[in-house]
There are 2 protein chains.
Amino acid sequence: METGKRRRLTPEQRERQIVEGAIRFFAEVGFEGQTRELAKRLGITQPLLYRYFPSKESLVERVYHEVYIKRWQPHWETLIVDRSRPLQERLVTLYREYTQVIFNYEWVRIFMFSGLKGVNITERYLGIVQEKLFVPVCTEMREVANLPSTDEVPLQPEELELAWDLHGGIYYLAIRKWIYHLPIPDDLSGHIERVVYSFIEGTPATLRRFFADQVRQPGVSGA
Amino acid sequence: METGKRRRLTPEQRERQIVEGAIRFFAEVGFEGQTRELAKRLGITQPLLYRYFPSKESLVERVYHEVYIKRWQPHWETLIVDRSRPLQERLVTLYREYTQVIFNYEWVRIFMFSGLKGVNITERYLGIVQEKLFVPVCTEMREVANLPSTDEVPLQPEELELAWDLHGGIYYLAIRKWIYHLPIPDDLSGHIERVVYSFIEGTPATLRRFFADQVRQPGVSGA
DNA sequence: CACAACGTTAATCAAATGATAAATTACAGC
DNA sequence: GCTGTAATTTATCATTTGATTAACGTTGTG
């Protein structure tokens, strides 16, 4: 019954170990995962968790914080609007860097568990993504497609959806891999290049057709 | 304590009611949802569930069966290869019909819960989707892009990924709505038209570039 | 109107689970 | 090496949860 050695760590080390372990654990089994099982995996006893976190809920909060705060790279926002580089290049760079941050087991699964559970972290996070990434992307796309700037003609929801679509197609790769357990291409970088290329090639025509229809039947969807 | 009326149903009606309720219930809270809570929502007592299903597990099995079997429309497979209609039209029709089947609360959430839990239903289902839908789509795309048929040059994984990307972009709408609780456009039909249009417009160029690169550096990713 | 058949329920069990309190032991500083 | 502090564990509690049992009611039939 005795588990051999009893290792005594500094509170900082132990807390770190618990948080890291909790991230992996909750990412795997969800937040219904039991504290006893978590403790077992950490090689400690269950009550010890309660010495470091007053409740399971507070530990979960900590996990959220650890996974989703501090990972956002503000320079993405400036990267998109840097017109000294072609938009395609900017988008490829952006998505290469972005996937480097979020394409991992913990990020993807915890985000999905949170969404299913109704934790508002998903809504808040994606609100930021839309504001800081998709809106600028659409603004730049207007330029590439030789369409009026967003100052002249305000951004339409339908345009934003095309950015969501690009994003969704890429993120779906992560879902396939870490949630559905399906194989995805090794060459993520090349894939990003191709879907961005398709986006750049296909979107201008779509936008021009959309705005042409708009003129013909103005506000048919809005009013 | 007495719950007023006690309704007496035929076994068929009662079973039907339990299954329908279980689908809604598990879609909402996941499979960790408790039998007592389910019974409460159905307005029955918990042991009654066990008169109809020997265990919670068997009820869950029944839910899977109910949601994912019988919904696949075989005519989708013939629709894609019908060259009497433009590919764009076929794809728009396909995705309009497909989303009509799977764009709903129960389908999307139960599928996601299953994936997270590691139930192999997701892998099996998406295997079918790839075989029956994406492969034909890619084959047809070769035709549209004026590229050699798949008889001459076998289908490349990279091409398949472009079909996955189209699919992922669309399915991501469902994830946004029923998992992340975010608003999505009312006009799903119009959106599908636009992303398919972008796909048709953008993909040929991407494919031609891909195959050109292939010739230049043959098998750089495969071997 | 009696009664059999069966749908329905209250009561309850055993195991699991989040949380607490008290006992134990590793380790730093003298 | 002591020794005191605090890190860690053992033991335990109160609920919750899947599952079972036996009693209770309702309904249709002769």
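- Between Arg14(A) and dA7(D) there is no side-chain N or O to OP1 or OP2 distance below 4.0 Å.
- Ring centroid separation for the pair Tyr64(B) and Phe31(B) comes in under the 6.0 Å cut-off.
- One interatomic measurement links the two molecules: CG of Leu38(A) to C1' of dG18(C), which rounds to 13 Å at whole-angstrom precision.
- In this structure, Leu160(B) CG and Gln130(B) CD are separated by 5.0 Å, a value rounded to the nearest 0.5 Å.
- Taking the centre and axis of the six-membered ring of Tyr105(A), the NZ or CZ atom of Arg24(A) falls inside the cone set by 45° and 6.0 Å.
- Ring to ring, Phe111(B) and Trp107(B) are close: their centroids are under 6.0 angstrom apart.
- Of the charged side-chain nitrogens involved, none lies within less than 4.0 Å of a carboxylate oxygen, so that Arg16(A) and Glu12(A) do not count as a salt-bridged pair.
- Scanning both residues, Arg90(B) and Leu79(B), for their nearest heavy atoms gives CD-O, 3.3 Å.
- With hydrogens and angles ignored, a donor-acceptor pair closer than 3.5 Å exists between the side chain of Arg36(B) and the base of dG18(D).
- Ring-plane geometry between Trp76(A) and Trp72(A) is classed as perpendicular, the angle between the planes exceeding 60 degrees on a 0 to 90 degree scale with a lower cut at 30.
- One atom, CD1 of Ile18(A), and another, P of dA7(D), lie 12 Å apart when rounded to the nearest Å.
- Using a 4.0 Å cut-off on heavy atoms, the residues of residues 48-58 of chain B that approach DNA chain D are Tyr50(B), Ser55(B), Lys56(B), listed by number.
- The 5' end of DNA chain C is approached more closely, in terms of each residue's nearest nucleotide, by Pro47(B) than by the other of Gly33(A) and Pro47(B).
- A straight line from CD of Gln46(A) to P of dA11(D) spans 14 Å, rounded to a whole angstrom.
- The distance between atom CZ of Arg8(A) and atom P of dT24(C), rounded to the nearest whole Å, is 16 Å.
- Nucleotide dG18(D) holds its C1' atom 13 Å from the CD atom of Glu32(B), rounded to whole Å.
- Between dT8(C) and Thr45(B), no contact under 4.0 Å exists linking OP1 or OP2 to a side-chain N or O.
- Lys40(A) places its NZ atom 17 Å from the C1' atom of dT10(D), with the value rounded to the nearest Å.
- Between the P atom of dC6(C) and the CD1 atom of Ile44(B) lies a distance of 19 Å, rounded to the nearest Å.
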